[in-house]
Number of protein chains: 2
Amino acid sequence: MHTIARMKRVTSKDVARALGVSQSTVSRAFSADARIPEETRERILKSAQALGYTPNELARGLLKSKSNIVGVVMADMLNPFYPNVLDIMSRRLHAIGKRMLLFSVPNDTDVDEVLPFLLQYNVEGVIITSATLSSKMADVFRNHNTRVVLFNRAVYDRSVSSVCCENHDASGNVARLLIEAGHRRFAIIGGKPDTSTHIERSGGFQRELRRAGLSLQAEEFGGNTYEGGFRTAMLLLEGKNPPDAIFCISDVMAIGALEAARRVLGLRVPDDVSIVGFDDIPSAAWPSYGLTTVRQPVEMMVSQAFSLLSDDVANASAAPVAVRIPGELVVRGSARLDPAGKKTRTVR
Amino acid sequence: MHTIARMKRVTSKDVARALGVSQSTVSRAFSADARIPEETRERILKSAQALGYTPNELARGLLKSKSNIVGVVMADMLNPFYPNVLDIMSRRLHAIGKRMLLFSVPNDTDVDEVLPFLLQYNVEGVIITSATLSSKMADVFRNHNTRVVLFNRAVYDRSVSSVCCENHDASGNVARLLIEAGHRRFAIIGGKPDTSTHIERSGGFQRELRRAGLSLQAEEFGGNTYEGGFRTAMLLLEGKNPPDAIFCISDVMAIGALEAARRVLGLRVPDDVSIVGFDDIPSAAWPSYGLTTVRQPVEMMVSQAFSLLSDDVANASAAPVAVRIPGELVVRGSARLDPAGKKTRTVR
DNA sequence: TGATATAATGCATACGTATGCATAGAATTG
DNA sequence: CAATTCTATGCATACGTATGCATTATATCA
C-alpha cells in the first residue's frame, strides 16, 4: 500500500508549509497577474502538483462573491435539438475555465422556481434554453448583478438578453419554398402557442403567405414532441380539406408528422403532402426522413450567448440585447420543389 | 422604480439584524435538526423570504467540506440514449436538494482529465457515464472520501462501483431470439473494442451462439454513432458471405445499419437481414424503424446509482459494488421471429 | 423555596482563499 | 555612499455559514 490515506484536503497552507513560504505566496502563484518571480511560481506549482493541491473553488467563489460557475437551465432536454447544444456549451465553458451547473426542468415552463437556487452559488451568469423567466425574476438577477441570457427564446419586454435564430426570415423562406412548389393549402404544427419561437416562426411563415395573397388553413399545436407531431398531423390530414403542405415548428414534430402521413395514412411525401421542419436535428438527415428543414446555427448561437454573458463593456444592468442569427434552409426530400413535381425525390 | 438596487448579497447577518437576533439563530432556522422553537423558525423564515435571503451554498460547502453538488461526467452525450438519462438524473438530484455539475467530454475516453476539477468543488459524489477512470484516479477520490459511480460501464479491478444493465443475459436473449428465427450467419457491430459494454454484450451474445453450436462470423466497430453503424453495416453486407443477422451494441448504430441495408443496398428488413439494437432510444420505436432492441431500465439504474452515492452504511472506502439490472427485450419488426418467416411484419 | 435540569440563544471560531498594507531586502540613482 | 525606488514576500482580514461552548431565562423537582 503505497498510497497514503489522506482524509484532509490539501490546502494552500499545506503547500506553503512544505516550501517554507507564506500562504499568500502560494495563492499568488495561482493567480496569473500577481507580482511574483517566475522562478518562485514554478517552484510552487511543482510542489502543489506533487502534493495534489488544487485551489478550492468554493472558497475562491465565496471570497470573490463570484464563482466560476455558469448556470444552465434546460426546459426541453428531451427534444433532440438540445443534446448538441448542451454538449457544445459544456465543452466551451470548460475550455474557458468555467463550470456548468445544470438544471433540467419540465417542458416549456417558466423557470422562476429553479432560478433562486442558482443565486446560492454566486453564479457568473445564467443561460436559459427554450423557456422564459418572469420580469420580476429578471429584476432579481439584475439586482444581483448576474447576467441572464435566453437561448432559443425571447421576451419582448426587454427584461433580459436573448439569442435566437432569425425565426421570421427563416420561416418566410420556408413559406416561399412551398409556395413556389405550387402548394396552396398550408398548415402549421406549432409547439406551444405563447412561446416566442412559435409566434415568430408562425408569424414569418404567414407574412410570406399574405405577401403571395395566400393564407393559412390551420394551425395546431403538438407540444414539440414526436407524439404531438404525429397526433396533430393525423388530425389535420384526416380532417375535411386537408393541407398539402405542413410546416412544423420543430423537427421532432415534423418526423412525427411524416410517420403519420406515410405509415398510417399511406400518403406519399412529398407527392401528396410536403412536410418541413425546423432545427435540423441529426435524424432529420437520416435517409428514411430526408427532412427539409431550417438549420439553427448552434455554434454561433452559443458563442453569442457566451459573449452576452461575459461582455464586460457594459455591466449587468446595461440594456438587454436581442441577438438574431440567420438560419439556413436545408433542402432534402420531404418538400416538393417545383410546381410540376419534377426533380423531386420521393422519400419513403 | 419600486425595486431597490441591491448590489450586496443578502446574508444571514442581514436577516439577523432585521429581527434583532443573532446570526447563529438565523442559521439554525435553516437547519432542520437544530434546537429552536418552531415559532422562532417561522418568524425567521418569513423575514428571510421577505428580504430575499437564501443561504450561500459556497460558504456552506466550504465550511462543511462537502457541497451539495454531484458531479456528472458524460462521455457520450450525443448518443440519443443519454438525454433521457441526464434529464432523469437532473430532476431526481434537484428533488433531493442536490445540484448537478455537468461535464461533457469526448466520446468514450477515460475521464481522468476532468475529474480533478470536481474535487475543487468538494462534490458529494461523481457519476461517470459511458466512460471509466484510471484506478489511480479512483484512489484519489477514495482518499478524498468522495464516491464515484460508473453508469453504463464497469471496471473489473473493483476500484469503483458501477451500475449497468445485465448486458450478458440481455444479449444472450437477443442471440436466442435470432437463433430461433433460423438465423445462422451472425455479425456484431460493436462500439469500441475495449469497453465493458462491448465486451459484455458481445460476450453474452457469443456465449449463447456457442451453446447452440454456432459461432460469430464477423465483429466490427462503429464507435456508437449513426454514421459508424451505417458504414460498418455497408462493409459487412457488401462483403463476401454477408450476415443474415446483425446485433448492434447500440440503437444509434442499429438505425444506421438499418438505413444502409434498406436505403442503400435495397435489402428487406427483416426478410433479408435481421437487425437488433440495444438501449431502446426514442427513435427505435418510430414506425420507420420499429427496431427490436433491449430496453435499458434507466429509472432503476439512476436510482441505484444514487443510492450507491449516498449509501451511508458504508463509507467511501468501503468495497465497491457492481450493480446489474435486467434489460427488457423489446420485440418490434426489425428482426425475424420464426424460421418460416411467417407472422413477421416487414418494416420498410 | 432553593437547587437543578432544560430550553433558547448568543459568542467566537473555522472552513480555504485573495488581497490591501506593511516590511525587508535589493537595486537604482545622484 | 546615502537616499530612494522597486521587488518579493509576509501579516492580517474578509467572504458567509455552521456549530461547540457559554450564558441566560424558564421549567421541574424535592
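In what follows, chains carry the letters A, B, and so on, assigned in the order in which the sequence lines appear, proteins first and then strands, with residues in each chain numbered from 1.
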Is any side-chain nitrogen or oxygen of [X] closer than 4.0 Å to OP1 or OP2 of [N]?
{"X": "Lys64(B)", "N": "dT19(D)", "answer": "yes"}
{"X": "Ser24(A)", "N": "dA12(D)", "answer": "no"}
{"X": "Tyr53(B)", "N": "dT17(D)", "answer": "yes"}
{"X": "Ser22(A)", "N": "dC11(D)", "answer": "no"}
{"X": "Thr25(A)", "N": "dG10(D)", "answer": "yes"}
{"X": "Ser12(B)", "N": "dT17(D)", "answer": "yes"}

Original post:
Among Thr132(A), Thr197(A), Thr129(A), whose side chain to side chain donor-acceptor pair (under 3.5 Å) with Arg153(A) holds?
Top reply: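 Output: one option passes, namely Thr197(A).
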
Between [atom2] of [N] and [atom1] of [X], the distance in whole Å:
{"X": "Arg28(B)", "N": "dG10(C)", "atom1": "CZ", "atom2": "C1'", "result": "8 Å"}
{"X": "Leu63(A)", "N": "dC15(C)", "atom1": "CG", "atom2": "P", "result": "16 Å"}
{"X": "Glu38(B)", "N": "dA7(C)", "atom1": "CD", "atom2": "P", "result": "15 Å"}
{"X": "Glu57(B)", "N": "dC15(C)", "atom1": "CD", "atom2": "C1'", "result": "15 Å"}
{"X": "Arg35(A)", "N": "dA26(C)", "atom1": "CZ", "atom2": "P", "result": "19 Å"}
{"X": "Lys13(A)", "N": "dG10(D)", "atom1": "NZ", "atom2": "P", "result": "14 Å"}
{"X": "Arg17(B)", "N": "dC11(C)", "atom1": "CZ", "atom2": "P", "result": "13 Å"}
{"X": "Ile36(B)", "N": "dG10(C)", "atom1": "CD1", "atom2": "C1'", "result": "12 Å"}

[X] near the nucleic acid: base, sugar-phosphate alone, or nothing, with a heavy-atom cut-off under 4.0 Å?
{"X": "Thr11(B)", "value": "sugar-phosphate"}
{"X": "Val26(A)", "value": "nothing"}
{"X": "Gln23(A)", "value": "base"}

Original post:
Mapping Val21(B) and Asn122(B) to their closest nucleotides on DNA chain C, which lands nearer the 5' end?
Top reply: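 Its nearest nucleotide being more 5', the pick is Val21(B).
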
Original post:
Quick one: on DNA chain C, does Phe30(A) or Thr40(B) contact a more 5' nucleotide (nearest heavy atom)?
Top reply: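 Nearer the 5' end of the strand: Thr40(B).
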
Original post:
Does a side-chain N-to-carboxylate-O contact under 4.0 Å join Asp139(A) and Lys136(A)?
Top reply: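 Answer for the salt bridge query: no.
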
Original post:
Would you call Glu299(A)-Arg92(A) a salt bridge at under 4.0 Å N-O?
Top reply: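 Looking at Arg92(A) together with Glu299(A), the answer is yes, because their closest N to O distance falls below 4.0 Å.
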
Taking side chain as C-beta onward, heavy atoms only, is [X] less than 4.5 Å from [Y]?
{"X": "Ser130(B)", "Y": "Phe151(B)", "value": "no"}
{"X": "Phe117(B)", "Y": "Thr54(A)", "value": "no"}
{"X": "Gln23(B)", "Y": "Ser27(B)", "value": "yes"}

Original post:
To the nearest 10 degrees, what angle separates the axes at the start and end of the helix from dT1(C)-dA30(D) to dG30(C)-dC1(D), five pairs each?
Top reply: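 The value is 40°.
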
Subject >> Arg9(B) and His144(A): side chain donor to acceptor below 3.5 Å >> reply: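 No donor-acceptor contact under 3.5 Å links the two side chains.
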
Original post:
Are a donor atom and an acceptor atom from the side chains of Tyr121(B) and Asn56(A) found within less than 3.5 Å of each other?
Top reply: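 Side-chain D/A pair, Tyr121(B) to Asn56(A): absent.
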
